[in-house]
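This report refers to the structure that appears directly beneath it.
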Amino acid sequence: MSVRVRMAPSPTGFLHIGGVRTFLFNWLFARSYSGECLLRIENTDTGREVAESVEQIERSLRWLGIEWDGETRFQLDGAERCRTEAARLVAEGRAYEDDGAIRIRMPEEGVVGWDDAVKGRIEFPADQLEDMVILRSDGRPVYNFASPVDDWVDGITHVIRGDDHVSNTPKQIVVLRALGADLPVYAHAPNVFGEDGKKLSKRHGAVSVGEFREAGYIAPALMNFLALLGWAPDGETTIMSRDELAERFTLEKVGSSPATFDYAKLDWMNGLYLRALDAGAYADTLVTFLREQGSTWNEARVREAAPAVQEKIGRLGEFAGFAGFLFEDVDPDLTLLDGGVLTEAASQLATVEPWDAATIERALKALCERLEAKPKTVYLPIRVAVTGSRISPGLYESLELLGRDVTLARLRQGADGAA
RNA sequence: GCCCCCAUCGACUAGCGGCCUAGGUCACCACCCUUUCAAGGUGGCUGCACGGGUUCGAAUCCCGUUGGGGGUACCA
């Protein structure tokens with residue numbers, strides 16, 4: 001069977017991550033059948049905002065790695081066809097004019113139902129359905145008419161969409177039947193919630209693809225995480241490449257209850273993907289990310305620092321806070337400093353040769369013995385004085401990267417500040 | 001109000017009548033490693049919303065209750 005699905009975003013300016021999850025299901029489904037996946041913008045008007053939104057949407061999908069076949073389509077492009085079909089329905093007595101608008105007749109009795117690929121059989125009593133306006137009095141088609149007409153014209157075989165469309169489905173089925181069209185298979189995936197069980201929104205954190213990208217999540221990790229929101233191949237597997245996702249995805253395995261977006265798990269998974277990158281790829285990814293952020297930090301130095309942060313941070317966006325001390329002055333918390341320790345450390349490190357992590361390690365361990373103090377009490381003030389934070393890459397590597405001059409200067413400055 | 005959907009650990013889920021004294025992952029807790037924080041390793045805590053059925057047997061099927069969500073537009 002040849003399969004064709006469509007992703008149908010509204011041109012609202014940004015791609016909501018919950019919607020993207022549903023698009024991902026479409027794409028994975030199409031790929032698993034070697035079918036086609038279209039991108040159709042559900043626009044009711046044109047204009048510059050729409051064009052900009054479309055560009056945003058396309059960029060977000062591309063970044064994530066979700067592709068579509070052919071040109072991006074627009075709901076409005078089908079308006080003329082909608083008008084002729086509406087006229088036909090009127091001529092056939094399946095629709096009628098009402099105050100200038102066109103209404104389609106709903107069945108008088110019985111039920112309108114379908115076998116949903118994820119939810120099973122769903123039926124609506126016909127008496128719940130009112131004759132629906134399909135063409136406004138100004139001639140513009142209404143969503144519940146335009147959408148099925150487009151699906152029909154585009155030869156869509158499977159409509160995979162959010163839960164919130166369930167109650168639109170009987171209306172669209174009536175339209176399709178009146179048109180004489182074959183019905184697509186419907187699959188309604190549950191929506192994605194925020195941590196409070198409400199619709200995912202800004203106050204939960206990042207919601208648009210762009211925001212996740214800016215926070216330093218990488219596409220393969222985000223895709224993997226999204227795929228697992230409402231779908232699971234089995235009870236064990238959690239880490240899957242896009243190819244593996246596409247290979248294993250089936251509608252039958254899509255769950256019917258809504259999922260909550262778990263940012264902590266995403267962070268874990270992103271860190272996992274980041275750590276799995278080889279050193280070169282990691283550095284490239286980091287450099288690209290920083291450049292997109294508008295960073296002016298020296299690229300060669302970023303690359304030098306990359307290995308030291310790779311095993312530590314879960315999001316690229318953490319780099320600035322984690323390794324910023326290599327590029328900018330620090331402002332340590334004076335209460336965490338220890339003048340005595342810092343003075344000793346400065347003199348101990350002044351003669352270290354060569355200035356590398358291994359030698360620095362020996363010197364600092366010797367310092368601990370000489371001071372008869374635990375590494376913990378010695379390293380903390382050093383770390384704070386030099387990096388400005390109690391959290392940083394490994395101490396030895398940090399000092400090596402920083403260089404002797406700056407290290408000594410910060411140690412002495414810290415010793416003075418400690419008072 | 002009416003219609004529709006949903007209901008397994010805090011979160012994502014496996015489970016489609018006996019393999020379940022419910023498995024995996026995140027989070028959390030403890031311990032190990034250790035240079036703070038991470039990462040890694042080991043172990044642990046926590047769950048079938050409730051009430052009725054059906055059945056030799058139910059997390060799994062049916063009904064009801066409760067709770068959540070969606071819809072009820074000349075919005076998409």
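Every chain is numbered from 1, with letters handed out A, B, ... down the list of sequences. Both backbone and side-chain heavy atoms feed into the values below; hydrogens, waters and symmetry mates do not.
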>> Ring centroids only, cut at 6.0 angstrom: are A/Trp231 and A/Phe249 within range, meaning strictly under it?
In response: yes
> When the aromatic ring centroids of A/Phe29 and A/Tyr33 are compared, is their separation below 6.0 Å?
Replying inline: yes
> Which part of the nucleic acid, if any, lies within contact of A/Gly162, taking any heavy atom under 4.0 Å across all strands shown: a base, the sugar-phosphate backbone alone, or nothing?
Replying inline: nothing
> When we call it a touch if two heavy atoms are under 4.0 Å apart, what does A/Ser147 touch: a base, just sugar-phosphate, or nothing?
Replying inline: nothing
> Looking across every strand, which nucleic acid part, if any, lies under 4.0 Å from A/Phe261 by heavy atom: base, sugar-phosphate, or nothing?
Replying inline: nothing
>> If I pick the P atom on B/rC61 and the same atom on B/rC75, what distance separates them, to the nearest angstrom?
In response: 41 Å
> Under the 3.5 Å rule, do the base of B/rU25 and the side chain of A/Lys265 count as making a donor-acceptor pair?
Replying inline: yes
> When we call it a touch if two heavy atoms are under 4.0 Å apart, what does A/Arg140 touch: a base, just sugar-phosphate, or nothing?
Replying inline: nothing
>> Pairing check on B/rU60: which nucleotide meets the Watson-Crick or G-U wobble criteria with it, both distances under 3.5 Å?
In response: none
> What is the nucleic acid contact for A/Ala232, judged by heavy atoms within less than 4.0 Å: base, sugar-phosphate only, or nothing?
Replying inline: sugar-phosphate
> Does the B/rU36 base have a donor-acceptor partner in the side chain of A/Lys312 within less than 3.5 Å?
Replying inline: yes
>> Give me the distance, rounded to whole Å, that separates B/rA76 from B/rA59 when you measure between the C1' atoms they each carry.
In response: 39 Å
>> Let's test your reading of the model: under 3.5 Å, does the base of B/rC74 pair with the side chain of A/Ser137 as donor and acceptor?
In response: yes
>> For the aromatic rings, using the six-membered ring if either is Trp, is the centroid distance between A/Phe225 and A/Phe212 under 6.0 Å?
In response: no
> Do A/Arg4 and A/Thr157 have side-chain atoms, one donor and one acceptor, less than 3.5 Å apart?
Replying inline: no
